[in-house]
Amino acid sequence: MRVAVVGHVEWVTFMRVDHVPAAGEIVHASEWWEIAGGGGAGAAVQLARLAGSCEFFTALGDDDLGRRSMRGLEAAGVTVHTTFRPGSTRRAVTHVDGGGERTITVLGDRLAPNAADPLPWDHLTGCDAVYVTAADAEALSLARAARVMVATARILDLLTAAPVQLDALVGSLTDTSESYTTGALDPPPRLVVRTDGERGGTFEADGGEHGSYSAIPPDGPIVDRYGAGDAFAAGLAYGLGTGLSTTEALGIAARCGAAVVTSRGPYGG
């Protein structure tokens with residue numbers, strides 16, 4: 001099983017608080033930690049756990065945080081292919097409240113891998129599955145060399161500009177930054193999944209298949225919801241890449257999302 005992610009990284013500072021501060025309020029964190037996060041990083045670690053390895057195509061800032069991110073992801077079993085761009089690695093600050101909900105503030109521009117970067121793009125040819133969270137139009141076309149290609153609806157503008165057919169698009173029923181209207185892409189994705197957190201979600205497949213899927217209860221207390229959506233998308237890509245049916249792949253995705261929320265950070269950091 002060969003899998004890959006084309007996407008972005010954020011160096012995330014997590015702070016556990018009783019509640020997210022209101023305007024003018026001061027709150028005290030009971031604990032804090034830092035780790036390489038962002039949609040691409042979290043999905044890459046999840047895919048590495050599922051498949052035994054994962055190649056991650058990304059871009060990092062030419063700074064200490066960029067190199068710390070690379071070392072941390074490699075220690076988690078990910079093969080990182082990156083270029084170091086002048087400037088800073090994107091950062092994020094995440095409050096995790098008493099219910100495990102995460103509230104994120106992002107600092108800096110998202111760094112996306114480009115087809116012109118000297119990365120081993122030919123490795124994507126013959127991959128069983130690739131998941132995309134950030135790229136340029138040409139890199140998106142290169143990713144289409146994989147047998148199964150899944151992308152997040154967060155890059156809808158890019159997907160509109162680079163008309164490749166996705167095997168699956170993962171959006172949201174509640175997050176406007178991940179919304180997708182049927183017919184917005186041409187050619188349309190073969191499968192559209194819209195998540196709805198603990199309520200499960202819906203799916204539409206070409207050929208008329210559609211319906212809903214159920215969330216899976218976490219196997220333990222909810223610690224931190226950060227990264228649940230990324231783990232879900234990675235699980236979906238893995239399931240489709242192994243040739244499972246839509247409902248079977250959604251089952252794996254739901255289990256991956258449920259597992260992440262029982263530990264802190266996107267992969268137990």
Side-chain angles (χ1 to χ4, degrees), residues 1-12 14 34-61 65-85 89-92 94 110-114 117 119-121 123-124 126-135 139-140 142-143 145-152 154-155 166-168 170 224 226-242 249 252-253 255-257 259-261 263-269:
M1 184 73 179
R2 292 182 54 216
V3 296
V5 172
V6 179
H8 66 292
V9 174
E10 296 160 2
W11 184 260
V12 187
F14 291 89
E34 294 182 314
I35 198 169
V45 173
Q46 180 65 75
L47 277 168
R49 289 175 174 172
L50 290 168
S53 63
C54 177
E55 296 190 64
F56 183 28
F57 296 75
T58 191
L60 297 166
L65 292 183
R67 286 167 175 78
R68 287 175 67 185
S69 295
M70 183 174 181
R71 291 194 299 269
L73 290 168
E74 289 180 334
V78 175
T79 300
V80 180
H81 305 302
T82 189
T83 184
F84 290 97
R85 303 210 194 287
T89 298
R90 193 186 203 191
R91 301 193 64 171
T94 300
R110 182 180 64 183
L111 299 180
N114 300 328
D117 293 330
L119 306 178
W121 294 108
H123 289 196
L124 294 174
C127 261
D128 294 291
V130 62
Y131 175 56
V132 183
T133 73
L140 199 67
L142 292 173
R147 188 168 58 81
V148 168
M149 182 177 180
V150 180
T152 172
R154 285 185 180 273
I155 58 169
L166 298 173
D167 293 285
V170 181
D224 177 6
Y226 184 99
D230 305 318
F232 176 95
L236 180 68
Y238 176 82
L240 295 175
T242 60
I252 290 179
R255 285 193 291 274
C256 290
V260 166
V261 303
S263 60
R264 64 181 197 173
Y267 42 90

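Hydrogens, waters and symmetry mates play no part in the numbers below; they use all other heavy atoms, side chains included.
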Can you find a pair of side-chain heavy atoms, one from [X] and one from [Y], that are under 4.5 Å apart?
X	Y	result
Met149	Leu140	yes
Arg85	Asn114	yes
Cys256	Val260	no
Val3	Tyr131	no
Phe56	Pro113	no
Cys54	Tyr238	no
Leu142	Val6	no

Can you tell me if [X] uses its side chain to pair, donor with acceptor, with the backbone of [Y] under 3.5 Å?
X	Y	result
Thr133	His8	yes
Thr58	Gly7	yes
Asp224	Tyr226	yes
Asp230	Ala43	no
Arg255	Gly235	no
Arg49	Tyr267	yes
Asp167	Val150	no

Closest heavy-atom contact between [X] and [Y]?
X	Y	value
Ala129	Ala146	C-CB, 4.5 Å
Ala76	Ala48	O-CB, 4.5 Å
Gly42	Pro266	CA-CB, 4.2 Å
Gly40	Val5	O-CG1, 3.6 Å
Val130	Ala143	CG1-O, 3.5 Å
Leu47	Ala4	CD1-O, 4.0 Å

Quick test of your reading of the model: are Arg147 and Asp128 salt-bridged, counting only N-O distances below 4.0 Å? yes
Could you note down all residue pairs passing side-chain hydrogen bond (donor to acceptor under 3.5 Å, both in side chains) where residues 66-81 supplies at least one of them, sequence neighbours left out? Glu55-His81, Asp62-Arg67
Between atom [atom1] of [X] and atom [atom2] of [Y], what is the distance when rounded to the nearest 0.5 Å?
X	Y	atom1	atom2	result
Thr94	Glu34	OG1	CD	11.0 Å
Leu73	Leu60	CG	CG	8.0 Å
Leu119	Phe57	CG	CZ	7.0 Å
Leu65	Glu10	CG	CD	12.5 Å

